[in-house]
Trainee: 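The structure follows.
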Number of protein chains: 2
Amino acid sequence: MIEKTLHALTEPRRRDILSLVHDGELTSSAIASHFEITAPAISQHLKVLEESGLVVVRRDGTKRYYRMRKEGFADLRAYIDRFWDDSLLRLKEAAEAEERRKK
Amino acid sequence: MIEKTLHALTEPRRRDILSLVHDGELTSSAIASHFEITAPAISQHLKVLEESGLVVVRRDGTKRYYRMRKEGFADLRAYIDRFWDDSLLRLKEAAEAEERRKK
DNA sequence: CACTTAATTTAGTGTCAACTTAATTAATGA
DNA sequence: TCATTAATTAAGTTGACACTAAATTAAGTG
């Protein structure tokens, strides 16, 4: 899952798309109107984003509304925290050691 | 920077390398011994990791010791948190995306 | 049933990234 | 200085992927 999340996020336009659908849902063509590339290219990006779980789609007639799916970031966030958190822990420990040294 | 971080992390072997050098430093060849691919391939991965800021290297004679650099995750973590937490900083993202689209 | 709108899928192209082997750099020791 | 060890850089191959234009699906509407 983290594999797909990272792959989806690495492409800059997909990150831009995510910013666009963060606040609310937008149709495929509404999203495409913000870019210079063609609608099929956007559609392909949306597919990658959807398969990664970073966006969800709602169908209404011929239109498809995309919006961000926050929980899609959970796994990647947890992965990073495995590296990040104990560095914070060590900073905390160092600070505490420093405190003790001062006294 | 987040660009380079994501690119570095997306390749599975580079994530494996990061796990290896998480706890302490290892030489290039010690790292390579954990994989089936050749030493030059590992060297190339290490270069990408170093340029992304996710590892640092210490030279001693002909050997080069690599270790993880936790601060390298900071930007990516902040990026994810902008989506994860509802924050006004998200507006900054949108503005930056708009700038990129204009170019 | 055509016709239109919205979007996707298909097929093909150019670029880039992850390998390989071979050559090269760099430090050290006989 | 020559040889050895550690690692990287160089050159070339292959496969993946972000595009494009064209064809296709799907859901209304006259």
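Each chain gets a letter, A, B and so on, in the order the sequences are listed, and its residues count up from 1.
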Trainee: Ignoring hydrogens and angles, state whether a donor on the side chain of B:H45 or B:R13 is under 3.5 Å from an acceptor on the partner side chain.
Mentor: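 Not at all, the side chains of B:H45 and B:R13 share no donor-acceptor pair under 3.5 Å.
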Trainee: Could you state the atom-to-atom distance from CG of B:L46 to C1' of C:dA18 in whole Å?
Mentor: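 Going from B:L46 (CG) to C:dA18 (C1'), I get 14 Å.
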Trainee: OP1 or OP2 of D:dC17 sitting under 4.0 Å from any side-chain N/O of A:H7?
Mentor: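 Affirmative; the distance criterion is met.
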Trainee: Starting the side chain at C-beta, find the nucleotide from D:dA10, C:dA18, D:dC19 nearest to B:P40.
Mentor: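 Nearest to the side-chain atoms of B:P40, counting from C-beta on, is D:dA10.
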Trainee: Of the listed nucleotides (C:dA6, D:dT20, D:dA18), which one gets closest to any side-chain atom of A:I37?
Mentor: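 Among the listed nucleotides, the one closest to the side chain of A:I37 is D:dT20.
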Trainee: What is the distance, to the nearest angstrom, from the NE2 atom on B:H45 to the P atom on C:dA17?
Mentor: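 Atom NE2 in B:H45 sits about 13 Å away from atom P in C:dA17.
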Trainee: Side chains of A:I17 and A:F35: closer than 4.5 Å at any heavy-atom pair?
Mentor: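 The answer is yes; the side chains approach within 4.5 Å.
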Trainee: List in numerical order all residues of residues 52-67 of chain B for which some heavy atom is under 4.0 Å away from an atom belonging to DNA chain C.
Mentor: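 Close to the strand are B:G61, B:T62.
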Trainee: Please examine the side chains of B:S28 and B:Y65, heavy atoms only from C-beta on, and report whether any two atoms are closer than 4.5 Å.
Mentor: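 Side-chain contact under 4.5 Å: no.
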Trainee: May I ask you to decide whether A:E3 forms a salt bridge with B:R15, counting only side-chain N to carboxylate O separations under 4.0 Å?
Mentor: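 Here A:E3 pairs with B:R15 in a salt bridge, since their nearest N and O are under 4.0 Å apart.
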Trainee: Rounded to the nearest angstrom, tell me the gap between atom CG in B:L6 and atom P in D:dC17.
Mentor: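 Nearest whole value for this atom pair: 16 Å.
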Trainee: In whole angstroms, how far is the P atom of D:dA7 from the CD1 atom of B:I17?
Mentor: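 Between P of D:dA7 and CD1 of B:I17: 13 Å.
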Trainee: Compare all side-chain heavy atoms of B:V56 with those of B:R67 and state whether any distance is below 4.5 angstrom.
Mentor: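 A side-chain contact under 4.5 Å exists here.
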Trainee: Any idea which of C:dA17, D:dA7, D:dT20 is nearest the A:A41 side chain?
Mentor: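 Nearest listed nucleotide: D:dT20.
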Trainee: Base, sugar-phosphate or nothing for A:T38? Non-hydrogen atoms, less than 4.0 Å.
Mentor: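 Answer is base: heavy atoms of A:T38 come under 4.0 Å of a base.
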Trainee: If you only use heavy atoms from C-beta on, which nucleotide in C:dT9, D:dC19, C:dA22 is closest to the side chain of A:S43?
Mentor: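 Of the options given, the side chain of A:S43 lies nearest C:dT9.
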Trainee: Does B:Q44 reach a base, just sugar-phosphate, or nothing at all? Heavy atoms under 4.0 Å.
Mentor: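 Base contact.
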Trainee: Would you call A:R58 and A:E25 a salt bridge, taking side-chain N to carboxylate O under 4.0 Å as the test?
Mentor: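 So A:R58 pairs with A:E25 through a salt bridge.
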Trainee: Which one, D:dC19, C:dT8, C:dA18, comes nearest to the side chain of A:S28?
Mentor: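 Minimum distance to the A:S28 side chain belongs to C:dT8.
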Trainee: Take atom CD of A:E51 and atom P of D:dA18, then tell me their distance rounded to the nearest Å.
Mentor: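 Computing the A:E51:CD to D:dA18:P distance gives 12 Å.
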Trainee: If I take atom CD1 from residue A:I80 and atom CG from residue A:D75, how far apart are they, to the nearest 0.5 angstrom?
Mentor: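 The CG atom of A:D75 is 11.5 Å from CD1 of A:I80, to the nearest 0.5 Å.
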Trainee: Measure CZ/A:R15 against C1'/D:dA18 and give the value in whole Å, please.
Mentor: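 Distance check: A:R15 CZ to D:dA18 C1' gives 15 Å.
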Trainee: Check the distance between C:dC19's P and B:K47's NZ and give it to me in whole angstrom.
Mentor: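 Computing the B:K47:NZ to C:dC19:P distance gives 16 Å.
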Trainee: Rounded to whole Å, how long is the line connecting atom CD1 of B:I42 with atom P of C:dA17?
Mentor: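 These atoms are roughly 18 Å apart.
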